[in-house]
2 protein chains.
Amino acid sequence: MSTTQMLKGILDGCILAIIKDKEVYGYELAEKLEEYGFQSFGEGTIYPLLMRMQKEKLVTSTLRKSTAGPRRKYYSLTPKGELELAEFMERWDYLQSNVNRVLKHEFKGEDNHA
Amino acid sequence: MSTTQMLKGILDGCILAIIKDKEVYGYELAEKLEEYGFQSFGEGTIYPLLMRMQKEKLVTSTLRKSTAGPRRKYYSLTPKGELELAEFMERWDYLQSNVNRVLKHEFKGEDNHA
DNA sequence: CACATATACTTTGTATTGCAAGGTATTTTT
DNA sequence: AAAAATACCTTGCAATACAAAGTATATGTG
């Protein structure tokens, strides 16, 4: 039971959302996630995830020169990725509702205005 | 990317919350979760989880006779379990905020009243 | 009583995924 | 030339939801 486990299947969606907003490269992504309040993510988390998403054709990548190091791999959403993001948001809303209901001991359909 | 993955580390907390409300046995738990809006959970999910939580001393169990089958194993929270539940709720709030911020593209500290 | 059915719990194995650790390559700075 | 920062990749591990198959107990039916 840790924060780590709770990110499973959720980090994907967050990354899709960030990429949709703006083309991003991996190294930059870790920083962005922190700006949104998340803990700091290591590279062992970010890169494999991005590569997995590319394999599933949710994102595409293009290499671009950097002014301060090796070339960056910029990722952007594919149409399939946009669809996946939309589906993720639905799943997330659903999950949120259910968990919050459990924590407040409200059955579905019950309206329990405190 | 599935709903399954998104439950990791969250289902624990939900079960703790349900048990805190009222002593519950495994078979019954699956039904309860559905009442809260979740999909139906198989036994391969519920039982191992309960046993794991007992191993971690978050819950205790007592066998009681049933009128309609073999004895039921009723679970209730230990003080450690209550603490864990409280910590889970904090983690959950935190996660919820962060994910929702990402989905709305609001940085932390930014107030973005539409 | 024998047999089916529903209830109730256990065990084993698998797939997914976040993450640490170690490795490689490129650019700027000293 | 050497060091440091940037940027990406690979391997291996641990946690966990879940399916599948197994075991045992109570009730109901012929």
Checklist entry - Can you say whether the rings of A:Y74 and A:Y25 are parallel (under 30°), tilted (30 to 60°) or perpendicular (over 60°)? => result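 Perpendicular, since the angle between the ring planes exceeds 60°.
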
Checklist entry - Parallel, tilted or perpendicular: which fits the ring planes of B:W92 and B:F88, with parallel below 30° and perpendicular above 60°? => result parallel

Can you tell me how far [atom2] of [N] sits from [atom1] of [X], to the nearest Å?
{"X": "A:L29", "N": "D:dC9", "atom1": "CG", "atom2": "P", "value": "13 Å"}
{"X": "A:Y47", "N": "C:dT17", "atom1": "OH", "atom2": "P", "value": "20 Å"}
{"X": "A:L7", "N": "D:dA17", "atom1": "CG", "atom2": "C1'", "value": "16 Å"}
{"X": "A:F41", "N": "C:dA21", "atom1": "CZ", "atom2": "C1'", "value": "18 Å"}
{"X": "B:K65", "N": "D:dT25", "atom1": "NZ", "atom2": "P", "value": "13 Å"}
{"X": "B:M6", "N": "D:dA17", "atom1": "CE", "atom2": "P", "value": "13 Å"}
{"X": "A:F38", "N": "C:dC19", "atom1": "CZ", "atom2": "C1'", "value": "16 Å"}
{"X": "B:L50", "N": "C:dA8", "atom1": "CG", "atom2": "P", "value": "14 Å"}

For [X], which contact category applies under a 4.0 Å heavy-atom criterion: base, sugar-phosphate, or nothing?
{"X": "A:L49", "answer": "sugar-phosphate"}
{"X": "A:T4", "answer": "sugar-phosphate"}
{"X": "B:E28", "answer": "nothing"}
{"X": "A:S2", "answer": "nothing"}

Checklist entry - Which pair of non-hydrogen atoms, one from B:G81 and one from B:L16, has the smallest distance, and what is that distance? => result O-CD1, 4.1 Å

Checklist outcome for this item: All heavy atoms of B:Y75 vs all of B:V59, minimum pair found to be CD2-CG2, 3.7 Å

Short side-chain N/O contact to [N] OP1/OP2 from [X], under 4.0 Å:
{"X": "A:R71", "N": "D:dA7", "result": "no"}
{"X": "B:S66", "N": "C:dT7", "result": "no"}
{"X": "A:K73", "N": "D:dC9", "result": "yes"}
{"X": "A:T45", "N": "C:dG18", "result": "no"}
{"X": "B:Y25", "N": "C:dA8", "result": "yes"}

Next on the checklist: Tell me if the side-chain of B:K8 makes a donor-acceptor pair with the base of C:dT16, cut-off 3.5 Å, by modelled atom types.
Outcome noted: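 Checked by distance alone, the answer is yes.
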
Checklist entry - Given C:dT17, D:dT6, D:dA17, which nucleotide is nearest the side-chain atoms of B:R52? => result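 So the nucleotide nearest the side chain must be D:dA17.
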
Checklist outcome for this item: Quick note, B:E43 side chain, CB onward, closest among D:dA17, D:dT10, D:dA21 is D:dA21

Item to check | Nearest-nucleotide comparison on DNA chain C, the residue closer to the 5′ end among A:I46 and A:A68 | outcome: A:I46

Checklist entry - Pick the nucleotide of DNA chain C nearest each of A:P70 and A:G9; which residue has the one closer to the 5' end? => result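 Its nearest nucleotide lies further toward 5', so the answer is A:G9.
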
Checklist entry - In terms of the nearest nucleotide of DNA chain D, which residue is placed more toward the 5' end: B:G69 or B:G44? => result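 Of the two residues, B:G44 wins.
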
Next on the checklist: Let me spell it out: for each of A:Q5 and A:L63, pick the nucleotide of DNA chain D with the closest heavy atom. Which residue's pick is nearer the 5' end?
Outcome noted: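 Counting from the 5' end, the first nearest nucleotide belongs to A:L63.
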
Item to check | side-chain hydrogen bond (donor to acceptor under 3.5 Å, both in side chains) evaluation trace for B:S61 with B:Q54 | outcome: CA-CA 8 Å; B:S61 66; B:Q54 183 162 28; 3.0 Å; yes

Checklist entry - Only one of A:R91, A:K57, A:K20 clears salt bridge (charged side-chain N to carboxylate O under 4.0 Å, His left out) with A:E84; which? => result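 Between A:E84 and the candidates, salt bridge (charged side-chain N to carboxylate O under 4.0 Å, His left out) is satisfied uniquely by A:R91.
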
